[in-house]
Amino acid sequence: MKICAFIGDMYRDYSSELILAIQKCAIERGHSVDVFGNCSVPSENPLHAEGLKKILSLPNYSDYDGIIVCSDTLHHAGLNYELLENLTSASDLPPVVSVRAEESGFYSVVPDNRQIMYEISQYVIGKIKSDDIGFVTGRDDLRDSLERLAGFEDAMEEAGYTVRKDMIFHGNYWTNQGPETADFFIKEDGTLPQAIICSNDYMAIALTDELIKRGYSVPRDTLITGVDNLDASSAHVPSITTSDIPETVLGKTAIDCLERINAGEDVDICTTVPGRMIYRESTGDDMSARDIDEMHRRLDAIQRNYYDKTRAFVLLSSDYEDVLSYDTLVDYTLGNLDSYGLFSRILLCEYCENDRRLTGFCENGKKTRTNISFPSSRLFPEEFDTSEPRLTIFLPIFYKSEVYGYAAFRLQSDVKYILDEKMEFTMVLLGQTLNRLRLYDKLFEVNNIKDLYIRDALTGLLNRRGFEQEIAKFFTNGKEADFPIAVASIDMDGLKEINDNLGHAAGDEALKGIAHCLESVLKEGEIAARMGGDEFEAVLVLNSSARIGQFIRSFRSAIKKANAENNAEFTLSASIGTCEATNWETLMECMNKADKIMYIEKKTKKHRT
């Protein structure tokens, strides 16, 4: 069986452990797995998420016998919603199993979040025999967060206590809200609730550290609990009482479901996995068996490792600054990635205009610079295919909104972790250096440095980077639009057919023709960009209620005129979708709506033919 998996935030314990669990189970049963996702998101700018989105659209779903989705690890910039929408609308979709989050229309393997939190809350209530309990939720847009809150409410109601809204802090499942959480729960007299129940270990550790920093003691001043049993929760001082939801069980159960579905068996749409309470020091439970000396050694090792990685970051940055050629970049990057000792094979692949190219690979420690083209329907050249069971991780190579390609890592079977900060930093530096080298290439060809940085070389329109810079100018302080605007998503029709039948030179001429028609109908203050391939974007100034309709009619008239005047072997055509934008935060949502409208028009045209 060949399995496709979508997993993000691979630097976090949960994602890393889940991938290792899936690998172990899959290889034992003779399956192969391709994992598509990201390390972390280096920017909060939603336009910079394009590199991450590209990797999620890389696989051809029909090539797989099953798909595993971890949507709650892909929540940045709406990545999860776009992925789920792509899966829902796909034809020939194999069975899909969602792990840790129920998603409509798909099978799911999820922790019994409500029961897990009920058991934790019941235990805490039994210890303090009071309703003086605070609760920290996860992200409000995630179902598991709501389920864990419901489990807390069940236990409180069973004990005859009322849940007070002023004792519930709405968290985000991460470590950056410790001070804010502490401020919320510290009472006017300086005391704390008798207990604070957190929806995961990250938030429990962050709150505990912040309270200790302010002079409080856990568990003397308050009991604190978490969920998920991270490694850090057992090493922490004090250790955190939590509930274990083993990734090994989640991964194995997901593969079990896919095997049974493919065998034609009936499978429940939702399979729940129970948790297991682990009692530790943060609730005053005895841990006399804990080896304090060993704990100090572990903490010392963690600190040394931190300093080693900090120094590695400095050295990596300095070394990449000295890279002045693509050959050096590929060689240096492959050497760095191979030195981490995690992978038996590493491939660096580049997106080209009409296909893809393998620029270098490292196998069993041997680095090779190459230049092998392969079709966009494949993940790598055919000669690198193998029938043996394996797990391969695909990560994007990008810099901000510029997407260059992807790296494929075949994971060794005996590793204990898959990613660390050094590897993530190497991938970031690879994207940054590629961006710099491409800029250097153009400096020798043109004089206008700004234009080469923000304009598409083929059409002369803004490129994605230029679009990002220019559209920001329509918003005051990056927030509200200065005046009504609309975004128009435009997709040239039939580029592939022109390239296939008439050649890429004809395809380039067709793209320039569409760009000229688009640019000719813009008014003062409006912008247009080629976002990549056959995709264009325009920003319209809505100085009249008829501007959108006027733009669409003018653009179609310009295309019609160009077809009449040009004696080309092809016919220009484009599909259009528009949506009004009012503020920066909803810009990506607006662009997605325009895309959907455009694709509806494109689909209608195909049905007509």
- prompt: Under a 4.5 Å cut-off applied to non-hydrogen side-chain atoms, are Leu20 and Val415 in contact?
  reply: yes

task: Verify the distance criterion only: is there a donor paired with an acceptor across the side chains of Tyr123 and Thr241 at less than 3.5 Å?
output: no

field: Side chain Thr73, main chain Gly8, donor-acceptor under 3.5 Å
entry: yes

- prompt: Under 3.5 Å, is there a donor-acceptor pair linking the side chains of Asp9 and Ser15?
  reply: no

Thr392 side chain reached by Leu347 side chain, heavy atoms, under 4.5 Å: no

field: Inter-residue atom distance Met277.CE - Asn229.CG, 0.5 Å rounding
entry: 11.0 Å

Non-hydrogen side-chain atoms of Asn80 and Leu83 separated by less than 4.5 Å: no

query: Any side-chain heavy atom of Tyr173 sitting closer than 4.5 Å to one from Ser199?
result: yes

- prompt: Short question: side chain of Arg390, backbone of Val33 - any donor-acceptor pair under 3.5 Å?
  reply: yes

field: Residues, nucleotides or ligands: over 12 heavy atoms within 6.0 Å of Lys593 NZ
entry: no

- prompt: Is the shortest side-chain N to carboxylate O distance from Asp256 to Arg260 below 4.0 Å?
  reply: no

- prompt: Has the side chain of Gln23 got a donor or acceptor atom that lies under 3.5 Å from a matching backbone atom of Gln412?
  reply: yes

- request: Working to the nearest 0.5 Å, report the span between CG of Leu230 and CZ of Arg12.
  value: 10.0 Å

query: What distance do Cys349 atom SG and Arg356 atom CZ have between them, rounded to the nearest 0.5 Å?
result: 8.5 Å

message: According to side chain to side chain donor-acceptor pair (under 3.5 Å), who are the partners of Thr225, at least two apart in sequence or on a separate chain?
response: none

message: Which residue in the set Ile19, Ile3, Asp34 passes side-chain contact (heavy atoms from CB on, under 4.5 Å) when paired with Leu391?
response: Ile19

- prompt: Salt-bridged, Asp228 to Arg148, with N to O below 4.0 Å?
  reply: yes

Thr175 side chain vs Tyr202 backbone, donor-acceptor pair below 3.5 Å: no

task: For Asn113 and Ile116, indicate whether the former's side chain and the latter's backbone hold a donor-acceptor pair under 3.5 Å.
output: no

field: Trace of the side chain to side chain donor-acceptor pair (under 3.5 Å) decision for Gln122 with Tyr118
entry: CA-CA 6 Å; Gln122 187 184 49; Tyr118 166 79; 2.9 Å; yes

Check: Tyr61 and Leu87 side chains under 4.5 Å, non-hydrogen atoms: yes

message: Counting C-beta onward and ignoring hydrogens, is there a side-chain heavy-atom pair between Tyr599 and Asp491 closer than 4.5 Å?
response: yes

- prompt: Quick one: NZ on Lys252 to CD on Glu28, what's the gap to the nearest 0.5 Å?
  reply: 10.0 Å

- request: Nearest 0.5 Å please: distance from the OG atom of Ser243 over to the OH atom of Tyr279.
  value: 9.0 Å

Mind listing the side-chain donor-acceptor pairs of residues 95-106 below 3.5 Å, one per line with the distance, residues two or more places apart or on another chain?
residue	atom	partner	partner atom	Å
Ser98	OG	Ala101	O	2.3
Arg100	NE	Asp72	OD2	2.7
Arg100	NH2	Asp72	OD2	3.0
Glu102	OE1	Arg143	NH1	3.3
Glu103	OE2	Ser71	OG	2.5

- request: Taking the side chain as every heavy atom from C-beta outward, state whether His31 and Pro389 have any atom pair closer than 4.5 Å.
  value: no

task: Give a yes or no answer on whether the side chain of Asp65 reaches the backbone of Lys2 with a donor-acceptor pair at less than 3.5 Å.
output: yes

- prompt: Any side-chain heavy atom of Phe361 within less than 4.5 Å of one from Phe380?
  reply: no

query: Distance-only, no hydrogens or angles: does the Ser57 side chain make a donor-acceptor pair with backbone N or O of Lys54 under 3.5 Å?
result: yes

field: Ring-ring centroid check Tyr351 Tyr406, cutoff 6.0 Å
entry: yes

- prompt: Rounded to the nearest 0.5 Å, what separation is found between the CG atom of Asn172 and the OG1 atom of Thr137?
  reply: 9.0 Å

query: Do Asp201 and Thr242 have side-chain N/O donor and acceptor atoms under 3.5 Å apart?
result: yes

message: What I want to find out is whether Asp144 reaches Arg114 closely enough, with some N-O distance under 4.0 Å, to be called a salt bridge.
response: no

Short side-chain donor-acceptor distance under 3.5 Å, Arg280 and Ser233: yes

- request: Might you confirm whether atom CD of Glu382 has over 12 heavy atoms from other residues, nucleotides or ligands at distances under 6.0 Å?
  value: no

Polar side-chain atom of Ser16 near backbone of Asp13 as donor-acceptor pair, under 3.5 Å: no

